Structure formats: C-alpha cells, structure tokens
Amino acid sequence: MAFEPSLSTSGMRPPLASADAPSMADSLPSINFGFEDLRNRMAQFTIKFDAFIERGRKQVLEERNQFHINLAELEEDKRMRQRDIEILTLKSQTHEQTLQKEAAEAAEMHAAISSITLERDSRLTKRDRLKQQIAETQKSINVKLEAQKAHAKQLDAQSRLNFPELDFWQDYLCIRIEGAGREDRLKFVYSHLLEKDWEAEAWFELGTASRDYEVFHTRPKVDRDALEGVVDLVNDDRDFGAFLKRMRKLFVEAMD
C-alpha cells in the first residue's frame, strides 16, 4: 500500500510572494525586550556605583589623613616622652649634685662642730683658770665686798632690779653697785678687768626710770654702736645677767 501523507507538503508552502501579499515579519508577534527599563536600571547602577567609588575614595582619603594625624600624634608623644626623660635625667643629676653638696656641707658642719667643741673646751679651761685667779684675789677683798653687798641691798629697794642671782653676778664678774646721785639711776663698777692691773676699774650708769634700760655714762668710753646693741638686747630678752657680762666684755675690749 502506497504511503500518502495526510497533508501534502505543497499545502504547507506559503503562497508565492507578491507585491500585495503581507510580509512574514508583519505576521510575527510583537515582543517587548524592555530596553528602556534596562537602560534606566543600568544608569541607576552606574550612579550608585560612582557614588560607591566616591565614598570609598573619600573613606580612603579620610583614613589616610587620620593615619597621618595619628602618626604625627605618635611622633609628638614620642618627642614629649623624650623631653620628659631629659627633664627627669636633669632632675636626677641635680638631685645627685644636691646630695653631694649636702654631704659636703654635713662634713663641714661636723668639722665646725669639732672645732667649736675644741674651742669650748679651751674656753672652759681658761674660765676655770680665771675662776681660780678670781677666788685667790677674792680673799683680799672679802671685807670690801660685804660692805658693797649691804649697800646694794639698800639700793635695791630704790630700783626695779630684783634678780635672785645678783649676788652671783657680783661675785662672778667682780661688780659693785653704787648710787648715782638719783633714785632712778644705779652705778655698776667693775674691777679685776685686766690681768696686768687688777685694781683698774670701769663703770657705767644705768637708768631704770622706764621699762627699757638706758646707759647714760661709761668710763672708759666704749664703742657707741656696740653699747646700743647691748642695751637693745637686754631690753628685748630681759636677761640682766647676760647684759652685765656683755658690758664687762665691752670694758675689757676698750681697756685692752
């Protein structure tokens, strides 16, 4: 049995083209590929990408600037620390020099103390020798001193002087107290001032009218500035015994 297709190929051929026949392209369905939307999306992506690149560039610049700032701060901190180290080193050297100076001063002070101690011992020895000499000479003037003590007790009622140790200073410094012709003045007479002349005397008049003492006359004459210093000192510390010793020293210096 011969094969006969149900549809002949001739039936599937399109008719021959003619001028009036429609084109096959016109008969195709219209397809929208979305080129305009794709173009807009690509434009938006480009804008976003450019913005991302710009932000990245700014971030890189900011990080680089921050890095340089941090580096500069580290350099400054390093410089400051180096300066602190130099200052501490200088302070340490100064402290070491101060310690050395203090050690030298301490050694000088010890040496000075030793010298003063020797001088004190020498003065004590000299004082003991002078006390012995005074004691020996005192035997020859005991009667005179007794009369002077009695007279001093009478004058004591007329003056503001009331020192329990007055007798001691009279004996120790060879002083006698006499009237000066006025109720507000006393005359202090020193003897045994010079080893070469024990009989030589010196005296001064002391005014007691006010709280502050005044020295009106001296014989022999003494240095005026030194005398004023001695009077100012007794008016300040009220140590009358020390005042009598200083006056004796002024007379010794004036008569020597």
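It should be emphasised that the depicted structure is a prediction, and the values quoted were computed from it without experimental measurement. Only heavy atoms go into these numbers, but all of them, side chains included; no hydrogens, no water, no symmetry mates.
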Undergrad: Side-chain contact test, heavy atoms from C-beta onward, threshold under 4.5 Å: evaluate it for D197 versus E199 and give yes or no.
TA: yes

Undergrad: Hey, are E63 and Q59 close enough side-chain-wise for a donor-acceptor pair under 3.5 Å?
TA: yes

Undergrad: Does V215 belong to the same Ile/Leu/Val/Met/Phe/Trp/Tyr cluster as F188, with side-chain heavy atoms less than 4.5 Å apart forming each link?
TA: yes

Undergrad: State, with a plain yes or no, whether a side-chain heavy atom of E62 is found less than 4.5 Å away from one of F67.
TA: no

Undergrad: Does the salt bridge (Lys or Arg N to Asp or Glu O under 4.0 Å) test come out yes or no for K78 and E75, once each step is laid out?
TA: CA-CA 5 Å; K78 179 181 178 182; E75 289 293 335; 5.1 Å; no

Undergrad: If you apply the rule side chain to side chain contact (heavy atoms under 4.5 Å, CB included), what do you find for E228 with V231, and how did you get there?
TA: CA-CA 5 Å; E228 290 178 356; V231 174; 5.8 Å; no

Undergrad: Which value, rounded to the nearest 0.5 Å, describes the distance between R120 atom CZ and I113 atom CD1?
TA: 11.0 Å

Undergrad: Could you grab the distance from atom CG of L99 to atom OG1 of T94, nearest 0.5 Å is fine?
TA: 11.0 Å

Undergrad: Give a yes or no on whether the backbone of H110 and the side-chain of S114 come within a donor-acceptor separation of less than 3.5 Å.
TA: yes

Undergrad: Name the one of R219, R185, R182 that satisfies salt bridge (charged side-chain N to carboxylate O under 4.0 Å, His left out) with E205?
TA: R185

Undergrad: Are V189 and I134 in one and the same hydrophobic cluster, where Ile, Leu, Val, Met, Phe, Trp and Tyr link if side-chain heavy atoms are under 4.5 Å apart?
TA: no

Undergrad: Is there a donor in the side chain of Q132 and an acceptor in the side chain of D128, or the other way round, less than 3.5 Å apart?
TA: no

Undergrad: Nearest 0.5 Å please: distance from the CD atom of E73 over to the CE atom of M80.
TA: 13.0 Å

Undergrad: Does this structure show an ion pair linking E119 with R123, if we count only N-O contacts that are shorter than 4.0 Å?
TA: yes

Undergrad: Can you measure from CG (L194) to CZ (F251) and round to the nearest 0.5 angstrom?
TA: 12.0 Å

Undergrad: How are the rings of F243 and F240 set relative to one another: parallel (under 30°), tilted (30 to 60°) or perpendicular (over 60°)?
TA: tilted

Undergrad: Start with the C-alpha gap between W203 and M247, add the side-chain angles, then the distance that decides, and say whether side chain to side chain contact (heavy atoms under 4.5 Å, CB included) holds.
TA: CA-CA 9 Å; W203 56 266; M247 288 300 300; over 6 Å; no

Undergrad: For residues 81-92, please give each side-chain donor-acceptor pair under 3.5 Å, one per line with the distance, not counting sequence neighbours.
TA:
| residue | atom | partner | partner atom | Å |
| --- | --- | --- | --- | --- |
| R81 | NE | D77 | OD2 | 2.8 |
| T89 | OG1 | I85 | O | 2.7 |

Undergrad: So F204 and Y213, ring pair (Phe, Tyr, Trp, His ring centres under 6.0 Å) or not? Walk me through it.
TA: CA-CA 12 Å; F204 70 92; Y213 299 114; over 10 Å; no

Undergrad: Are W198 and M255 connected into the same hydrophobic cluster when the rule is that any two of I, L, V, M, F, W, Y join if their side-chain heavy atoms are below 4.5 Å apart?
TA: no

Undergrad: Got a donor-acceptor contact below 3.5 angstrom from the N70 side chain to the Q66 backbone?
TA: yes

Undergrad: What I'd like to find out is whether the side chain of T137 reaches to under 4.5 Å of the side chain of H192, using heavy atoms alone.
TA: yes

Undergrad: Can R176 and E178 be said to form a salt bridge (Lys or Arg N to Asp or Glu O under 4.0 Å), step by step?
TA: CA-CA 7 Å; R176 71 176 185 271; E178 300 177 352; 2.6 Å; yes

Undergrad: How long is the straight-line distance from CZ of R248 back to OG of S191, given to the nearest 0.5 Å?
TA: 7.0 Å

Undergrad: Less than 4.5 Å apart, side chain to side chain, heavy atoms only: is that true for L250 and D223?
TA: no

Undergrad: Does the pair L130 and E195 meet the rule for a side chain to side chain contact (heavy atoms under 4.5 Å, CB included), with working shown?
TA: CA-CA 10 Å; L130 290 175; E195 294 184 6; 3.9 Å; yes

Undergrad: Heavy atoms, side chains only, cut-off 4.5 Å: are I175 and L244 in contact?
TA: yes

Undergrad: Would you say H68 has more than 12 foreign heavy atoms packed within less than 6.0 Å of its NE2?
TA: yes

Undergrad: Go through the steps for K48 and T46 under the test side chain to side chain contact (heavy atoms under 4.5 Å, CB included), then give the verdict.
TA: CA-CA 5 Å; K48 291 181 180 179; T46 301; over 6 Å; no

Undergrad: State the CG-CZ distance between D212 and R238, to the nearest 0.5 angstrom.
TA: 6.5 Å

Undergrad: Does one hydrophobic cluster hold both V252 and V222, with members joined at side-chain heavy-atom distances below 4.5 Å?
TA: yes

Undergrad: Please report the closest heavy-atom contact between R211 and N235, naming both atoms and the distance.
TA: NH1-O, 3.9 Å

